[in-house]
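Shown next, in C-alpha coordinates, is the structure this report addresses.
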Amino acid sequence: MTDLDQFRSETRAWLAENCPPEMREPLRSEKDVCWGGRNYVPSSPAQKDWLDRMAARGWTVPDWPKAYGGGGLSPAETKILREEMAAINARNPLNSFGISMLGPALLKYGTEEQKLDHLTKIAKGQIRWCQGYSEPNAGSDLASLATSAEDKGDHYLINGQKVWTSYADQADWIFCLVRTDKSSKQGGISFVLFDMASPGVSTKPILLISGNS
Ligand SMILES: Cc1cc2nc3c(=O)[nH]c(=O)nc-3n(C[C@H](O)[C@H](O)[C@H](O)COP(=O)(O)OP(=O)(O)OC[C@H]3O[C@@H](n4cnc5c(N)ncnc54)[C@H](O)[C@@H]3O)c2cc1C
(Lines give C-alpha, C1' and ligand atoms only; values in the text may rest on other atoms or scores of the structure.)
Protein backbone atom coordinates (compact mmCIF):
# COMPACT_ATOMS: atom_id res chain seq x y z
CA MET A 1 0.00 0.00 0.00
CA THR A 2 1.41 3.42 -0.95
CA ASP A 3 1.36 6.39 1.41
CA LEU A 4 -1.50 7.88 -0.60
CA ASP A 5 -3.51 4.64 -0.41
CA GLN A 6 -2.96 4.66 3.33
CA PHE A 7 -4.05 8.30 3.51
CA ARG A 8 -7.19 7.50 1.52
CA SER A 9 -8.21 4.65 3.76
CA GLU A 10 -7.60 6.67 6.95
CA THR A 11 -9.49 9.63 5.50
CA ARG A 12 -12.42 7.43 4.49
CA ALA A 13 -12.60 5.95 7.98
CA TRP A 14 -12.37 9.36 9.65
CA LEU A 15 -15.10 10.83 7.46
CA ALA A 16 -17.35 7.83 8.05
CA GLU A 17 -17.06 8.41 11.77
CA ASN A 18 -17.10 12.20 11.87
CA CYS A 19 -19.34 13.49 9.08
CA PRO A 20 -22.85 13.63 10.61
CA PRO A 21 -25.52 11.94 8.44
CA GLU A 22 -27.37 15.26 8.14
CA MET A 23 -24.26 16.81 6.58
CA ARG A 24 -24.46 14.25 3.77
CA GLU A 25 -27.91 15.42 2.72
CA PRO A 26 -28.32 17.87 -0.18
CA LEU A 27 -28.58 21.54 0.80
CA ARG A 28 -32.22 22.50 1.20
CA SER A 29 -31.80 26.25 1.33
CA GLU A 30 -29.26 29.03 1.77
CA LYS A 31 -29.64 28.53 5.54
CA ASP A 32 -27.92 25.16 5.20
CA VAL A 33 -24.76 26.84 3.92
CA CYS A 34 -22.27 27.50 6.69
CA TRP A 35 -20.49 30.84 6.31
CA GLY A 36 -19.15 31.15 9.86
CA GLY A 37 -18.39 34.58 11.27
CA ARG A 38 -18.98 36.43 14.52
CA ASN A 39 -22.73 36.26 14.14
CA TYR A 40 -22.86 32.67 12.92
CA VAL A 41 -25.96 30.84 14.06
CA PRO A 42 -25.69 27.14 13.18
CA SER A 43 -28.68 25.81 11.26
CA SER A 44 -28.38 22.63 13.34
CA PRO A 45 -26.05 21.04 15.93
CA ALA A 46 -24.78 18.74 13.16
CA GLN A 47 -23.67 21.71 11.06
CA LYS A 48 -21.68 23.11 13.99
CA ASP A 49 -20.16 19.71 14.79
CA TRP A 50 -19.10 19.26 11.18
CA LEU A 51 -17.48 22.69 11.05
CA ASP A 52 -15.69 22.20 14.38
CA ARG A 53 -14.43 18.72 13.53
CA MET A 54 -13.15 19.71 10.11
CA ALA A 55 -11.60 22.94 11.43
CA ALA A 56 -9.86 21.08 14.27
CA ARG A 57 -8.20 18.88 11.66
CA GLY A 58 -7.34 21.84 9.44
CA TRP A 59 -9.56 20.40 6.74
CA THR A 60 -11.66 23.50 6.10
CA VAL A 61 -8.49 24.61 4.27
CA PRO A 62 -6.70 21.29 3.78
CA ASP A 63 -3.83 22.58 1.65
CA TRP A 64 -2.96 25.61 3.82
CA PRO A 65 0.01 25.25 6.18
CA LYS A 66 -0.78 23.90 9.64
CA ALA A 67 0.71 27.05 11.20
CA TYR A 68 -2.21 29.03 9.76
CA GLY A 69 -4.98 26.62 10.66
CA GLY A 70 -4.71 24.45 7.58
CA GLY A 71 -4.26 20.73 7.20
CA GLY A 72 -0.81 20.89 5.63
CA LEU A 73 -1.90 18.40 2.97
CA SER A 74 -0.11 17.97 -0.34
CA PRO A 75 -2.07 18.59 -3.57
CA ALA A 76 -2.47 14.81 -4.01
CA GLU A 77 -3.77 14.37 -0.44
CA THR A 78 -6.12 17.33 -0.86
CA LYS A 79 -7.54 15.73 -4.01
CA ILE A 80 -8.10 12.47 -2.14
CA LEU A 81 -9.88 14.27 0.68
CA ARG A 82 -12.16 16.02 -1.83
CA GLU A 83 -12.87 12.70 -3.58
CA GLU A 84 -13.69 10.96 -0.32
CA MET A 85 -15.97 13.82 0.76
CA ALA A 86 -17.72 13.72 -2.61
CA ALA A 87 -18.15 9.94 -2.35
CA ILE A 88 -20.33 10.36 0.76
CA ASN A 89 -21.95 13.61 -0.48
CA ALA A 90 -20.39 15.50 2.41
CA ARG A 91 -21.29 19.16 2.47
CA ASN A 92 -18.62 21.80 2.37
CA PRO A 93 -18.10 22.49 6.11
CA LEU A 94 -17.37 26.18 5.52
CA ASN A 95 -18.15 28.53 2.64
CA SER A 96 -15.97 31.57 2.74
CA PHE A 97 -14.68 34.41 0.59
CA GLY A 98 -11.83 34.35 3.10
CA ILE A 99 -10.90 30.87 1.91
CA SER A 100 -11.44 31.33 -1.81
CA MET A 101 -10.41 34.96 -2.36
CA LEU A 102 -8.46 36.55 0.49
CA GLY A 103 -6.57 33.53 1.81
CA PRO A 104 -4.54 32.78 -1.32
CA ALA A 105 -3.49 36.45 -1.58
CA LEU A 106 -2.47 36.58 2.07
CA LEU A 107 -0.56 33.31 1.79
CA LYS A 108 1.48 34.80 -1.04
CA TYR A 109 1.80 38.45 -0.05
CA GLY A 110 0.79 38.77 3.62
CA THR A 111 3.17 39.45 6.48
CA GLU A 112 3.68 36.69 9.03
CA GLU A 113 1.59 38.67 11.51
CA GLN A 114 -1.28 39.01 9.01
CA LYS A 115 -1.15 35.31 8.18
CA LEU A 116 -1.16 34.17 11.80
CA ASP A 117 -4.03 36.48 12.67
CA HIS A 118 -6.34 36.41 9.67
CA LEU A 119 -5.73 32.98 8.14
CA THR A 120 -6.29 31.08 11.37
CA LYS A 121 -9.59 32.89 11.96
CA ILE A 122 -10.67 32.20 8.38
CA ALA A 123 -9.80 28.51 8.75
CA LYS A 124 -11.91 28.20 11.91
CA GLY A 125 -14.81 30.15 10.42
CA GLN A 126 -14.51 32.83 13.10
CA ILE A 127 -14.45 35.83 10.77
CA ARG A 128 -16.57 36.27 7.67
CA TRP A 129 -15.17 38.41 4.85
CA CYS A 130 -16.62 40.38 1.97
CA GLN A 131 -14.99 41.73 -1.16
CA GLY A 132 -14.96 45.50 -1.72
CA TYR A 133 -13.75 46.08 -5.26
CA SER A 134 -16.63 47.34 -7.45
CA GLU A 135 -17.85 50.91 -7.19
CA PRO A 136 -20.72 52.80 -8.81
CA ASN A 137 -18.27 54.05 -11.47
CA ALA A 138 -15.77 51.21 -11.43
CA GLY A 139 -16.97 47.77 -12.51
CA SER A 140 -15.19 46.00 -15.36
CA ASP A 141 -12.91 49.03 -15.52
CA LEU A 142 -11.76 48.56 -11.94
CA ALA A 143 -8.87 51.00 -12.31
CA SER A 144 -11.47 53.79 -12.25
CA LEU A 145 -12.01 53.19 -8.56
CA ALA A 146 -12.14 56.37 -6.52
CA THR A 147 -12.40 55.22 -2.90
CA SER A 148 -9.41 56.82 -1.24
CA ALA A 149 -7.24 55.87 1.71
CA GLU A 150 -5.27 58.67 3.31
CA ASP A 151 -2.28 57.82 5.49
CA LYS A 152 -2.86 59.51 8.84
CA GLY A 153 0.27 58.13 10.48
CA ASP A 154 -1.19 55.52 12.79
CA HIS A 155 -4.24 54.73 10.63
CA TYR A 156 -5.72 55.17 7.17
CA LEU A 157 -8.77 57.35 6.64
CA ILE A 158 -10.92 55.68 3.99
CA ASN A 159 -13.59 57.55 2.07
CA GLY A 160 -15.78 56.21 -0.70
CA GLN A 161 -18.51 53.85 -1.73
CA LYS A 162 -18.51 50.24 -2.86
CA VAL A 163 -21.31 48.40 -4.64
CA TRP A 164 -22.33 44.78 -5.34
CA THR A 165 -20.51 43.82 -2.16
CA SER A 166 -22.01 40.37 -1.65
CA TYR A 167 -23.04 39.72 1.97
CA ALA A 168 -21.60 43.06 3.12
CA ASP A 169 -24.36 43.25 5.71
CA GLN A 170 -23.29 39.93 7.22
CA ALA A 171 -19.52 40.17 6.90
CA ASP A 172 -17.21 40.98 9.80
CA TRP A 173 -14.26 42.26 7.77
CA ILE A 174 -13.71 43.49 4.22
CA PHE A 175 -10.78 43.18 1.83
CA CYS A 176 -10.99 46.36 -0.13
CA LEU A 177 -9.29 48.07 -3.05
CA VAL A 178 -8.58 51.74 -2.41
CA ARG A 179 -6.64 54.53 -4.05
CA THR A 180 -3.56 55.66 -2.13
CA ASP A 181 -2.03 57.63 -5.03
CA LYS A 182 -3.95 59.57 -7.66
CA SER A 183 -1.04 60.28 -10.00
CA SER A 184 -1.74 57.38 -12.38
CA LYS A 185 -4.92 55.47 -13.13
CA GLN A 186 -3.53 51.94 -12.98
CA GLY A 187 -0.99 52.67 -10.23
CA GLY A 188 -1.62 53.69 -6.65
CA ILE A 189 -4.26 51.06 -5.89
CA SER A 190 -3.80 49.42 -2.50
CA PHE A 191 -5.39 46.41 -0.83
CA VAL A 192 -6.60 47.14 2.69
CA LEU A 193 -8.31 44.95 5.26
CA PHE A 194 -10.59 46.46 7.83
CA ASP A 195 -13.31 45.61 10.30
CA MET A 196 -16.83 46.34 9.07
CA ALA A 197 -17.59 47.48 12.63
CA SER A 198 -15.12 50.38 12.21
CA PRO A 199 -16.61 53.84 12.81
CA GLY A 200 -18.22 55.28 9.67
CA VAL A 201 -18.82 51.99 7.83
CA SER A 202 -22.43 51.43 6.79
CA THR A 203 -24.21 49.06 4.40
CA LYS A 204 -27.53 49.20 2.64
CA PRO A 205 -29.25 46.63 0.43
CA ILE A 206 -30.04 47.05 -3.26
CA LEU A 207 -33.67 46.02 -3.27
CA LEU A 208 -34.99 43.99 -6.17
CA ILE A 209 -38.53 44.17 -7.50
CA SER A 210 -39.18 40.93 -5.59
CA GLY A 211 -38.31 42.65 -2.32
CA ASN A 212 -35.18 40.55 -1.92
CA SER A 213 -31.72 42.01 -2.20
C1 LIG B 1 -23.89 38.17 -8.26
C2 LIG B 1 -22.80 39.19 -8.25
C3 LIG B 1 -22.04 39.34 -7.11
C4 LIG B 1 -21.01 40.28 -7.08
N5 LIG B 1 -20.29 40.40 -5.92
C6 LIG B 1 -19.32 41.33 -5.87
C7 LIG B 1 -18.57 41.50 -4.66
O8 LIG B 1 -18.79 40.81 -3.65
N9 LIG B 1 -17.63 42.45 -4.63
C10 LIG B 1 -17.35 43.24 -5.71
O11 LIG B 1 -16.45 44.06 -5.62
N12 LIG B 1 -18.04 43.10 -6.88
C13 LIG B 1 -19.01 42.17 -6.98
N14 LIG B 1 -19.73 42.03 -8.14
C15 LIG B 1 -19.43 42.93 -9.27
C16 LIG B 1 -18.81 42.23 -10.47
O17 LIG B 1 -17.74 41.45 -10.09
C18 LIG B 1 -18.41 43.21 -11.59
O19 LIG B 1 -17.32 43.99 -11.22
C20 LIG B 1 -19.48 44.12 -11.92
O21 LIG B 1 -20.73 43.47 -12.00
C22 LIG B 1 -19.20 44.75 -13.31
O23 LIG B 1 -19.43 46.10 -13.20
P24 LIG B 1 -20.76 46.82 -13.70
O25 LIG B 1 -21.94 46.04 -13.22
O26 LIG B 1 -20.60 48.24 -13.31
O27 LIG B 1 -20.74 46.65 -15.28
P28 LIG B 1 -19.87 47.46 -16.33
O29 LIG B 1 -18.43 47.31 -16.01
O30 LIG B 1 -20.40 48.85 -16.45
O31 LIG B 1 -20.20 46.66 -17.63
C32 LIG B 1 -21.48 46.78 -18.26
C33 LIG B 1 -21.45 46.04 -19.57
O34 LIG B 1 -20.46 46.60 -20.45
C35 LIG B 1 -19.53 45.60 -20.87
N36 LIG B 1 -18.20 46.20 -20.95
C37 LIG B 1 -17.54 46.81 -19.96
N38 LIG B 1 -16.34 47.25 -20.39
C39 LIG B 1 -16.25 46.89 -21.70
C40 LIG B 1 -15.25 47.06 -22.70
N41 LIG B 1 -14.11 47.70 -22.45
N42 LIG B 1 -15.49 46.56 -23.92
C43 LIG B 1 -16.65 45.91 -24.19
N44 LIG B 1 -17.64 45.73 -23.28
C45 LIG B 1 -17.44 46.21 -22.05
C46 LIG B 1 -19.60 44.52 -19.81
O47 LIG B 1 -19.25 43.24 -20.34
C48 LIG B 1 -21.08 44.55 -19.43
O49 LIG B 1 -21.86 43.81 -20.33
C50 LIG B 1 -20.75 41.09 -8.20
C51 LIG B 1 -21.54 40.94 -9.35
C52 LIG B 1 -22.54 40.01 -9.37
C53 LIG B 1 -23.36 39.87 -10.63
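All ligand and atom numbering here is 1-based and tracks the order in the structure.
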Within a distance under 4.0 Å of any heavy atom of Tyr133, pick out the atoms of ligand 1 and give their elements.
11 (O)
Around Glu30, counting heavy atoms of other residues, nucleotides and ligands shown, do more than 12 lie under 6.0 Å from its CD?
yes
Would you mind checking which non-hydrogen protein atom is closest to atom 24 (P) of ligand 1, with the distance to 0.1 Å?
Gly139 CA, 4.1 Å
Atom 47 (O) of ligand 1: the protein heavy-atom neighbour that sits closest, reported with distance to 0.1 Å:
Ser140 OG, 4.7 Å
When the aromatic ring centroids of Trp59 and Trp64 are compared, is their separation below 6.0 Å?
no
Output yes when the distance from some N or O of ligand 1 to some N or O of Thr165 is under 3.5 Å, and no in every other case.
no
I want to check a possible cation-pi pair here: Arg128 against Tyr167, using under 6.0 Å from ring centre and within 45° of the ring axis as the test.
yes
Between Gln170 and Tyr40, does the side chain to side chain donor-acceptor pair (under 3.5 Å) criterion hold? Intermediate values first, please.
CA-CA 9 Å; Gln170 293 162 50; Tyr40 168 52; over 6 Å; no
Determine whether more than 12 heavy atoms belonging to other residues, nucleotides or ligands lie under 6.0 Å from atom CZ of Phe194.
yes
Protein contact of atom 8 (O) of ligand 1 - nearest heavy atom, named by residue and atom, plus distance
Ser166 N, 2.9 Å
Shortest protein contact, atom 19 (O) of ligand 1 (heavy atom only):
Ser134 OG, 3.0 Å
Which residue in the set Phe175, Trp129, Trp35 passes ring-ring contact (aromatic ring centres under 6.0 Å, His included) when paired with Phe97?
Trp35
To which protein heavy atom is atom 6 (C) of ligand 1 closest, and what is the distance rounded to 0.1 Å?
Trp164 O, 2.6 Å
